[in-house]
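Letters A, B, ... mirror the listed sequences (proteins, then strands); counts begin at 1. The analysis underlying the following values was restricted to heavy atoms, covering all of them including side chains, and did not include hydrogens, waters or symmetry mates.
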2 protein chains.
Amino acid sequence: MAKVVKAEIDLSTEEKIKEAASKVFTKKGYGNARTRDIAEEAGINLALLNYYFRSKEKLFDIVMAERIQKLFGILTPILNDTATTLEEKFEKITENYINMLIEHPDLPIFVLSELRNDPERFADRLQAKTHLTQSVFVKQLQEKGTEIHPFHFLMNLLGMIIFPFVGKPVLQTVTGGEENYLALMEQRKKLIPEWLKMMLAKA
Amino acid sequence: MAKVVKAEIDLSTEEKIKEAASKVFTKKGYGNARTRDIAEEAGINLALLNYYFRSKEKLFDIVMAERIQKLFGILTPILNDTATTLEEKFEKITENYINMLIEHPDLPIFVLSELRNDPERFADRLQAKTHLTQSVFVKQLQEKGTEIHPFHFLMNLLGMIIFPFVGKPVLQTVTGGEENYLALMEQRKKLIPEWLKMMLAKA
DNA sequence: AAATTATTTAATCAAATGATTAAATAATTT
DNA sequence: AAATTATTTAATCATTTGATTAAATAATTT
């Protein structure tokens with residue numbers, strides 16, 4: 001056997017394919033992506049892709065798991081931090097998300113549009129229900145004694161943070177070039193937490 | 001020739017195909033949609049689809065034009081109404097959008113994810129730049145003398161309205177069934193305008 | 001070094017898929 | 001009614017596309 005080197009080379013070639021797949025899938029979506037695109041992007045033979053991952057679908061599953069984690073993994077630790085106040089959570093989530101989304105602007109539209117195609121399929125990956133309903137964040141909101149359902153705050157937060165990236169193709173035609181867009185996103189890092197604090201105060 | 005009847009029958013069969021295409025494309029996206037799916041949904045022969053529309057792509061172009069209009073057509077008349085205040089515009093946009101999105105929850109994710117695939121292609125359909133920069137809405141905001149860029153308000157409004165529908169597959173696993181989700185959306189009709197008024201007041 | 005196992009490639013397959021063609025049917029015009 | 005035009009269908013094409021196979025090469029073990 002060639003265990004040791006297998007592991008190393010596997011990781012290297014496997015990783016090359018996985019990253020190419022992530023890039024191509026994220027840019028074009030599952031249906032528009034061709035396994036040949038991925039192979040070319042990875043600089044390998046098409047057969048190798050199937051040798052390592054058996055099928056387009058299996059490769060896609062692996063990519064999706066990682067992309068979902070990348071998109072939603074930010075939330076869980078912050079929402080469950082007992083050491084921070086609600087206000088600090090707003091700030092951290094906004095800051096972390098916008099920084100990440102500036103680097104990966106096409107991540108949300110990819111994940112959300114693939115989830116639409118088959119929500120059941122990735123339901124277990126999400127586990128949003130448990131993560132959120134029992135989160136410190138929700139408890140802190142309930143302690144405030146507000147009439148407003150906790151998820152409204154979450155929708156507002158995520159909506160204000162993520163939507164500008166989901167709608168980037170449209171919105172950027174309005175704001176002008178990439179620089180202007182980035183400048184607006186930078187402003188939103190400070191603005192969004194303030195807006196949420198206002199909502200909290202009035203609630 | 002068969003002019004008169006051609007026009008009528010064309011409209012009927014053409015419309016059947018167009019509506020089937022709209023349904024299938026919206027649900028699955030261009031890349032995952034099959035012309036055979038559309039033909040079956042329309043209850044017609046596959047060849048008929050090509051007889052009327054020449055190709056999948058041309059049919060898609062027509063569908064996209066209508067879907068873009070459906071998604072963004074709501075905005076223009078309200079944003080340019082000189083008879084309403086900013087506050088009333090918030091209310092009208094929220095009310096109209098949420099009502100429409102309850103009927104067509106998969107519209108935004110479809111349009112936005114297809115726009116991502118080729119933003120240039122539909123740039124002329126959007127014309128967001130002109131429609132917005134010179135809108136009454138923007139002028140009214142500027143009269144308020146706020147430091148905050150007008151587009152922040154638009155992003156917040158659209159983000160809070162549209163995002164819950166874009167993220168429905170994820171968010172609904174948290175909120176529970178369709179009824180709960182609808183109830184939350186109904187609440188947002190009243191809440192979102194209030195939140196925007198607060199942002200305006202503090203700005 | 002020989003044998004074994006793992007990796008990679010070129011060639012090819014089979015099914016899916018968008019599109020066309022030729023013929024049949026229906027409608028309209030003359 | 002005959003001729004013309006429009007609509008619809010069944011059958012078929014050509015290409016694309018995901019996947020496999022058999023052979024070549026490289027690495028590892030014995």
Side-chain angles (χ1 to χ4, degrees), chain A residues 1-65 110 114 117-118 121, chain B residues 1-65 110 114 117-118 121:
Chain A
M1 275 195 289
K3 274 180 196 167
V4 180
V5 173
K6 180 199 170 185
E8 282 166 7
I9 289 184
D10 261 1
L11 260 174
S12 168
T13 308
E14 246 190 67
E15 210 55 37
K16 250 198 315 187
I17 299 174
K18 220 186 285 182
E19 276 174 30
S22 187
K23 186 170 173 181
V24 173
F25 279 137
T26 303
K27 185 174 172 199
K28 309 177 128 186
Y30 181 83
N32 295 303
R34 301 288 160 252
T35 50
R36 281 166 176 82
D37 300 342
I38 296 170
E40 192 183 7
E41 175 74 36
I44 52 106
N45 191 286
L46 171 60
L48 249 193
L49 184 150
N50 290 289
Y51 173 73
Y52 277 102
F53 296 95
R54 296 291 300 166
S55 73
K56 180 187 181 184
E57 219 176 326
K58 289 210 175 70
L59 175 54
F60 178 73
D61 277 340
I62 291 168
V63 168
M64 265 301 272
F110 166 69
E114 296 300 335
N117 292 334
D118 194 352
R121 187 170 167 193
Chain B
M1 273 195 290
K3 273 180 197 166
V4 180
V5 173
K6 178 199 171 185
E8 282 167 6
I9 289 185
D10 261 2
L11 260 173
S12 167
T13 309
E14 246 190 68
E15 209 55 38
K16 248 197 319 185
I17 299 173
K18 220 186 286 181
E19 274 175 33
S22 187
K23 185 169 172 182
V24 174
F25 279 138
T26 303
K27 185 175 172 199
K28 306 177 137 190
Y30 181 84
N32 294 305
R34 302 287 160 251
T35 51
R36 281 167 176 82
D37 300 341
I38 296 171
E40 193 184 5
E41 175 74 36
I44 52 108
N45 192 286
L46 171 60
L48 249 192
L49 184 151
N50 290 289
Y51 174 73
Y52 277 101
F53 296 96
R54 297 288 301 165
S55 73
K56 180 187 182 185
E57 218 176 327
K58 289 209 175 72
L59 176 55
F60 178 72
D61 277 339
I62 291 168
V63 168
M64 265 301 271
F110 166 69
E114 295 299 336
N117 291 334
D118 194 352
R121 187 170 168 194

Does B/Tyr52 have a side-chain nitrogen or oxygen under 4.0 Å from the phosphate oxygens OP1 or OP2 of D/dT8? yes
Can you find a side chain N or O atom of A/Thr13 that sits less than 4.0 Å from OP1 or OP2 on C/dT7? no
Check whether NZ of the Lys or CZ of the Arg B/Lys56 lies under 6.0 Å from the centre of the six-membered ring of B/Tyr30 and within 45 degrees of that ring's axis.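 So B/Lys56 does make the cation-pi contact.
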Tell me: [atom1] of [X] to [atom2] of [N], nearest whole Å?
X	N	atom1	atom2	result
B/Tyr51	D/dA10	OH	P	17 Å
B/Asn45	C/dT25	CG	C1'	13 Å
B/Leu48	D/dT8	CG	C1'	5 Å
B/Ile44	C/dA19	CD1	C1'	13 Å
B/Ile17	D/dT9	CD1	C1'	13 Å
B/Asn50	D/dC13	CG	P	17 Å

Among the nucleotides [options], which one has an atom lying closest to any side-chain atom of [X]?
X	options	value
A/Leu46	D/dG18, C/dT9, C/dA19	D/dG18
A/Lys56	D/dG18, C/dT9, C/dA6	D/dG18
B/Arg54	C/dT20, D/dA19, D/dT9	C/dT20
A/Ala47	C/dT8, D/dT21, C/dA19	D/dT21

Are any side-chain N or O atoms of B/Arg36 and backbone N or O atoms of B/Ala33, one a donor and one an acceptor, separated by less than 3.5 Å?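 Absent.
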Using every non-hydrogen atom in the two residues, find where [X] and [Y] come nearest and quote the distance to one decimal.
X	Y	result
A/Leu49	A/Ala39	CD1-N, 4.3 Å
B/Ile38	B/Ala20	O-CB, 3.6 Å
B/Leu48	B/Ile17	O-CD1, 4.2 Å

Would a 4.5 Å heavy-atom cut-off, applied to side chains only, mark [X] and [Y] as touching?
X	Y	answer
B/Met64	B/Phe110	yes
B/Glu19	B/Glu15	yes
A/Glu114	A/Phe25	no

Involving DNA chain D, stems made of at least three consecutive Watson-Crick or G-U pairs, both distances under 3.5 Å: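 Stem list for DNA chain D: C:1-30 with D:1-30.
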For A/Arg54, does the CZ atom sit with more than 12 other heavy atoms under 6.0 Å from it, leaving out its own atoms? no
Base, sugar-phosphate, or nothing: which does A/Leu49 touch, judged by heavy atoms less than 4.0 Å apart?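 Nothing, no heavy atom under 4.0 Å.
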Heavy atom of residues 25-41 of chain A under 4.0 Å from DNA chain C: which residues? none
